Structures are given as C-alpha cells and as structure tokens.
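When a residue number appears, it is its place in the shown sequence, counting from 1. Start at 1 and go down the list; that is how both ligands and their atoms are numbered. Just so it is clear, the structure is predicted and the values come from calculations on it, not from any experiment.
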Amino acid sequence: MSAYPLLETIDSPATVRALDGRQLAQLATELRAFLLESVSRTGGHLSSNLGTVELTVALHHVYNTPHDRIVWDVGHQTYAHKVLTGRREGMATLRQYKGVSGFPRRCESEYDTFGTAHSSTSISAALGMAVAAKALGQRRHSIAVIGDGAMTAGMAFEALNNAGVEDADLLVILNDNDMSISPPVGALNKYLTRLLSGQTYNAARRAGAKVLELAPSLREFAKRAEEHVKGMITPGTLFEEFGFHYYGPIDGHDLDALIPTLENLRELPGPKFLHVITKKGYGYKLAEADPILYHGVGKFDHVAGIQTGKGGGKLTYTQVFGDWLCDMAARCDKLMAVTPAMREGSGMVRFAEEYPKRYFDVGIAEQHALTFAAGMACEGVKPVVAIYSTFLQRAYDQLIHDVCLQNLPVMMALDRAGLVGADGATHHGAFDLSYLLCLPNIVVMTPSDENECRQMLYTAYLHEGPSAVRYPRGSGPGVVPQQDMTAIEIGRGELRRAGEGDAALLAFGAMLTPALAVADEFDASVANMRFAKPLDEALVLELASKHRLIVTLEENALIGGAGSEVERVIHNAGLSCRVLRIGLPDRFVDHGDPSLLYAEVGLDAAGVRAQVAAALQR
Ligand SMILES: Cc1ncc(C[n+]2csc(CCOP(=O)(O)OP(=O)(O)O)c2C)c(N)n1
Ligand SMILES: CC(=O)[C@@H](O)[C@H](O)COP(=O)(O)O
Ligand SMILES: [Mg+2]
C-alpha cells in the first residue's frame, strides 16, 4: 500500500482541479509527507516548501495552469509545485547533476513560467505577463507569489508602483511566514505584523466566529462573506496606496479559506493583493521550531532530525570570515558589518551576537547595502559588506557609482565565488572577476587557502579604498589560519614553484590547488597570483620571458577574467609566448555536485592536465 495513494494519481494540475475539498485536504497531507521524505534524502530547501503546500494545491486547483501564469518569487518554495506538475519522480534527482533544478526554470517545465532564484523579481515578471496578455487580448490570470523576506527588496516596490497604475489582471500573493532565512528585519515586517494583529480585523473575526458557533450551517456562507468583510474592515493598507485591492490576512494553511478566496479574486479585475499567513516549516515540528536550521538542508534523518553541534569537518571559508570579522572587530571599533539578509550563510551569527550595535542586516536589499556602506565610509567608520558573489550582481551600479567612483573604503567579503554546486546557474559566483576588474580604484584579492583568506581580509580592511576578497563556497585545501594577521603587499603575487619546463601556471585563488597537482609532470613554474587587481605584472612578465606557454587558471568566466588581464600585459609587452586561459566557458553552468561541474568545465586537475598537455603539443 503506497504511502501516497492520492498523490501518485497526480501527474498534472488538471487532476488537482477535479478533486473535491476532502480530497484536496488529503492531497496536501500526502504532499507534505512526500516532500519531507524526499528532501531528507536529497537535501534542498525544506522549511519554505513545507510552508507552501496548501497554497500550491489551492493555486493549481483554482487557476488553469499553465495557461494562467504563476510566478514564484525566489522559487526555493516550489517543490510542491514541481510535484503537482509532473515532476514527482524527478524529485529524487533534485539539485543533482542533470537532475531537477531547485528553482523554477522555463526550460524544465511549461508550468515554470519564469526562472527565479534571485529574489523579488516575481511581481515585475507577473506584471509583464499580465500587461502582455491584455495587449494580446488574451484572458489570462497572472499571479506572483512573494514571501515577506523577498518583499523587502526595492525591486518589489518598483513593481508595485508600476502595477498599481496598470489596469492589468494581476494577483500578488504575499506569503507572510514572518521569516526570511533569518528572522525578518525592517519596518515592513513591523507593518505586516500590525496588519495581522489589526484590532478591527480581529474583532470582526471574533464576532464572526461567535456567530458560526451558534449557527454552524452558516459556516460556508460566512466563509465567503468573511473574505469580503475583511476587505472592508481592514484599514487602508500600504498596498492599497499602491493601487491594489488588498485582501486578508487569511490562513495560508486553510484550504477552506484559500480556495473560495482565490475563486473570488480570480473573477475580480485589476491589481489585487492577497495577504496569506503561513508558518515556515509547517507540519514538521522540528522545522516549525527551527525554520532557520531547516531552511537549506543536506541529507538527514527526518525522524531524528538534523543533528547539530557535531563539530569536526574542515573549516570553511565562511567560518574563516566569521572568525576574522569578530577578531577584527575586537581590534578596531570602527568596523561595521553589513549583510543583505544572509546572516547564517555569510558566517555572521557570532558577530551579530557579540557586536549587535555594529551588525546591520538590511534585508534582501543588496543595492541599499552597498550605498548604506558607502555612506558609512564617508564618515570614517569601516564598513565590511558580506555578500555572495552572485548577489553582488544586484548592486553593480551602487558599487560603481557610489563606492568606486568616490574611492570610498568599502570592503566586500565575496563568499560563494566560483561554482557553488546544488543551487546552480543562478547562484554560481561565475562573473565577479569579470565585473570587478574593469572598475577603477578597486583591489580584488583571490585567496588560495584558508590562511591566505584571513590575511587578505585583514589586508582589505586596512586598504583605504574599495576592496573585495572573493572566496569559494565550502572548505579549502586545509591550511589552518594563523591567529596573527599580517598585511600582504598590494599587487604582490608569489612564485610557488620554479620549473624548467615550457609552461608556467598562473593560478588565481582556489585554482592554485589543481595547478600544483599537475606542475611536476610538466616541470612547470607555478605562481599564486593572489591579486586579480592590481595584477603583479612584474611576475607575469618574468614568467613570460622564461616560458613559451603561460597558463592562467581562474574559477570565473574566461571573458573579462583575470586571464584576460594577464594576456593583455603580455601582449602590451610585445612578448611572443603563448597564453592558454583556463576558466569558465561562455555559457551558464548548471547545478550538481561541484566535483562533477569542475570536471565538466575542465577546472579539475584532470581537466587542467589535459588542456596544458594539448597546448604544449601545439
Ligand atoms: C537577491 C537575493 N538575495 C538573497 C537571496 C537569498 N535568499 C534566498 S531565500 C531568502 C529569504 C526569503 O524569504 P521569504 O521571501 O520570506 O521566503 P521564505 O523562505 O520565508 O518562504 C533569501 C534571503 C536571494 N535568493 N536573492
Ligand atoms: C534560496 C537561496 O538563495 C539561498 O537559500 C541559497 O540557496 C543559500 O545558498 P548557500 O546554501 O550557499 O548558503
Ligand atoms: Mg518568509
């Protein structure tokens, strides 16, 4: 007897639309149990998915998907959506090499109407779809599902501002679980809490409930009436000021509330805003109790739960940063640390506890984070912005216009540089060298091990201008960081192996490891370049004058990367040696185990060996 008898009959939302209320409730129960079991086997995002089971069932029941468009913000909460849209079997390959993505992807399914993963894009995209449908004379509903965390990004409000004046058929559903990854921050969260606890609304609910107790037969009528009553009694909301008809808050786990409400809203024209209240981790006590721990999980025993506190394991670059941040803060009271909603991922939990007045989680607001830090730097404090390489992309103009152009001493700790693995193309830090090296005034460091990371963080901190230290997700080669901090001469690389062979390998960051692994067989010189900007040009030219092949190695897009700069220096010097650049190809690299991805793009030792050997043959 299957544990999921009803779920196993669902291969498309059309089947969901044929279910009655009792069956829908059963489906939600089975779906939640399936997700818990499946994600415990594969790893992935868990608490956000457990919290959106009923909402997903209701949306696919009420709307004619994929004709009606659902755009999921961030999209980390779409596992239930993927299961109901024909990918139940595929969930066994979730986030694995050539497997199902952890985020919606247009290339993966027609039900994935828009590729997300970087947050706060859903309202813009859904509005675009709604306006297009209107222009094409198509009757189509467009729905954006956005979390309270994602709602803190400016882009979400840019979209609300525009949507409010476009008389398009757009429904924005705010999935308010009072959590980002960390606890939510900012005034918006306080506002949403006030909406939820609004005296007027709750008084009417209590009165309504009283009536129902007396006359249960009125329950169905009252449910439908309540939705409209709410619209009338909830005080004018921020969202109505933007031109939306606001409804809610309603219980996002109650199908009896969700379905009639969505059915009503489906028939209403114009921009509508539905506020649903859910619990992150809902239905799994351990995740309800600790939605942070269960936000992104590895494989785990869902009966026993995630076993925390087990020490051991290699030090990660993130931990190196977190330890350095606290040590540096103890030495310098001018240090201020800024994160755009990635306290845990950036290793800042201890700093936040030990230095609460110098810790700033600005929410999912990368653009604000950079310029906020720039403002701080104008006043003589030293801001450290901890930000994933991929998320810094969101704040590129702020980096150029507010930080580099004004040559302000803002330091960026760029975590997740290079290939990140399971999160895939949306999260690889594949481009930061390319988008940083062209910026005047910035210093860009690429540590090759954990100790060098600590020393470079210190060097960047002392630097009186814009700086970035980019380091990969996870652990390094295992070089224990020295407690002492020693500044490195800016722009100085180091020769790690003097070879007599034809090739010299110039490694940036983590690529020093595969470079050293293959050096002996080619009797190659190996340089740890340390700085992508400013480049150690003397070292480059010295090696280019001794070897007929210069090989650059970087975990970054080849176009515009560090290798391009090495090639430019050699070309400008008029030297005749050849240059082989090893790095990421001009395409997006998908998700999967990092070792498989490195092999796919030739960044592992075998790949480096093969490319160098082939170049030497030519
Ligand atoms: C631009 C951007 N910054 C940061 C992140 C990292 N991130 C992923 S999910 C998340 C929290 C989202 O909170 P919410 O929208 O409330 O969704 P929930 O997890 O609560 O369902 C963050 C900060 C991201 N995906 N995109
Ligand atoms: C969905 C999202 O963007 C984050 O949860 C991200 O997946 C975190 O990445 P790490 O697991 O590398 O911290
Ligand atoms: Mg949330």
Side-chain angles (χ1 to χ4, degrees), residues 43-53 55-56 72-80 95 101-104 115-123 144-156 173-186 188-189 192-193 252 275-282 287 291-298 316-318 339-348 361-370 386-396 415-429 471-474 591 594:
H45 289 97
L46 183 59
S47 47
S48 48
N49 280 288
L50 294 173
T52 45
V53 167
L55 181 57
T56 306
W72 297 91
D73 208 285
V74 181
H76 63 316
Q77 79 292 55
T78 55
Y79 297 176
R95 304 176 359 132
S101 167
F103 302 103
T116 51
H118 283 199
S119 89
S120 318
T121 61
S122 62
I123 304 173
V145 182
I146 183 168
D148 55 307
M151 200 69 222
T152 60
M155 182 174 180
I173 299 176
L174 173 62
N175 173 30
D176 183 0
N177 55 21
D178 197 25
M179 282 298 290
S180 184
I181 295 178
S182 323
V185 296
L188 178 67
N189 175 259
L192 293 176
T193 305
H275 185 178
V276 300
I277 305 301
T278 63
K279 187 171 188 57
K280 199 163 180 178
Y282 185 77
I292 299 176
L293 179 62
Y294 287 87
H295 172 82
V297 300
T316 64
Y317 282 100
T318 303
T339 175
M342 297 304 285
R343 178 184 67 181
E344 285 76 14
S346 296
M348 299 170 81
D361 178 353
V362 297
I364 306 181
E366 287 81 5
Q367 296 171 339
H368 165 61
L370 265 286
I387 187 167
Y388 288 19
S389 164
T390 191
F391 298 144
L392 179 57
Q393 292 164 191
R394 177 81 46 106
Y396 195 44
D415 202 336
R416 279 40 171 208
L419 298 177
V420 297
D423 274 341
T426 54
H427 282 62
H428 293 320
Y471 45 89
R473 185 179 198 272
H591 52 274

When distances are taken from atom 3 (O) of ligand 2, the protein heavy atom at minimum range is H427 NE2, 2.7 Å
Under 4.0 Å between heavy atoms, the region of H45 that gets near ligand 2 turns out to be side chain
Check whether any N, O or S atom of N175, backbone or side chain, sits closer than 2.8 Å to the Mg ion (ligand 3). no
If you scan protein heavy atoms around atom 7 (O) of ligand 2, the nearest is D423 OD2, 2.5 Å
When distances are taken from atom 25 (N) of ligand 1, the protein heavy atom at minimum range is A117 O, 2.7 Å
Atom 10 (P) of ligand 2 has as its nearest protein heavy atom R416 NH2, 3.5 Å
In ligand 1, the atoms that come under 4.0 Å of a heavy atom of S48 are 19 (O), 21 (O)
Here the atoms of ligand 1 under 4.0 Å from any heavy atom belonging to G147 are 14 (P), 15 (O), 16 (O)
The protein heavy atom nearest to atom 6 (C) of ligand 1 is M342 SD, 3.5 Å
Handout entry: Any N or O of K280 closer than 3.5 Å to N or O of ligand 1
Key = yes
the protein heavy atom lying closest to atom 10 (C) of ligand 1 turns out to be I181 CG1, 3.5 Å
- Is G149 close to ligand 1, meaning an N/O of one under 3.5 Å from an N/O of the other? yes
Looking only at non-hydrogen atoms, the one of H76, Q77, H45 nearest atom 18 (P) of ligand 1 is H76
Output field for angle at the Mg ion (ligand 3), D148.OD1 vs N177.OD1, rounded to 10°, should show 80°
Notebook entry, point to check: Hey, does E366 come in under 3.5 Å of ligand 1, counting only N/O atoms on both sides?
Noted result: yes
Checking H427, H591, H118 against F103 for ring-ring contact (aromatic ring centres under 6.0 Å, His included), the one that qualifies is H427
Any nitrogen or oxygen of P340, side chain or backbone, less than 3.5 Å from one on ligand 1? no
Atoms of ligand 2 under 4.0 Å from any heavy atom of F391, numbered from 1 in the order shown, are 3 (O)
Heavy-atom contact under 4.0 Å between H295 and ligand 2?
-> yes
Nearest non-hydrogen protein atom to atom 11 (O) of ligand 2, with distance, is R473 NH2, 2.9 Å
for atom 13 (O) of ligand 1, nearest protein heavy atom and its distance come out as S180 CA, 3.5 Å
Practice item. Tell me, please, if D178 has any N/O/S atom, main chain or side chain, under 2.8 Å from the Mg ion (ligand 3)? Key: no
| said: Between D415 and T318, do the side chains contain a donor N or O and an acceptor N or O under 3.5 Å apart? | reply: yes
So the atoms of ligand 1 within less than 4.0 Å of a heavy atom of N177 turn out to be 18 (P), 20 (O), 21 (O)
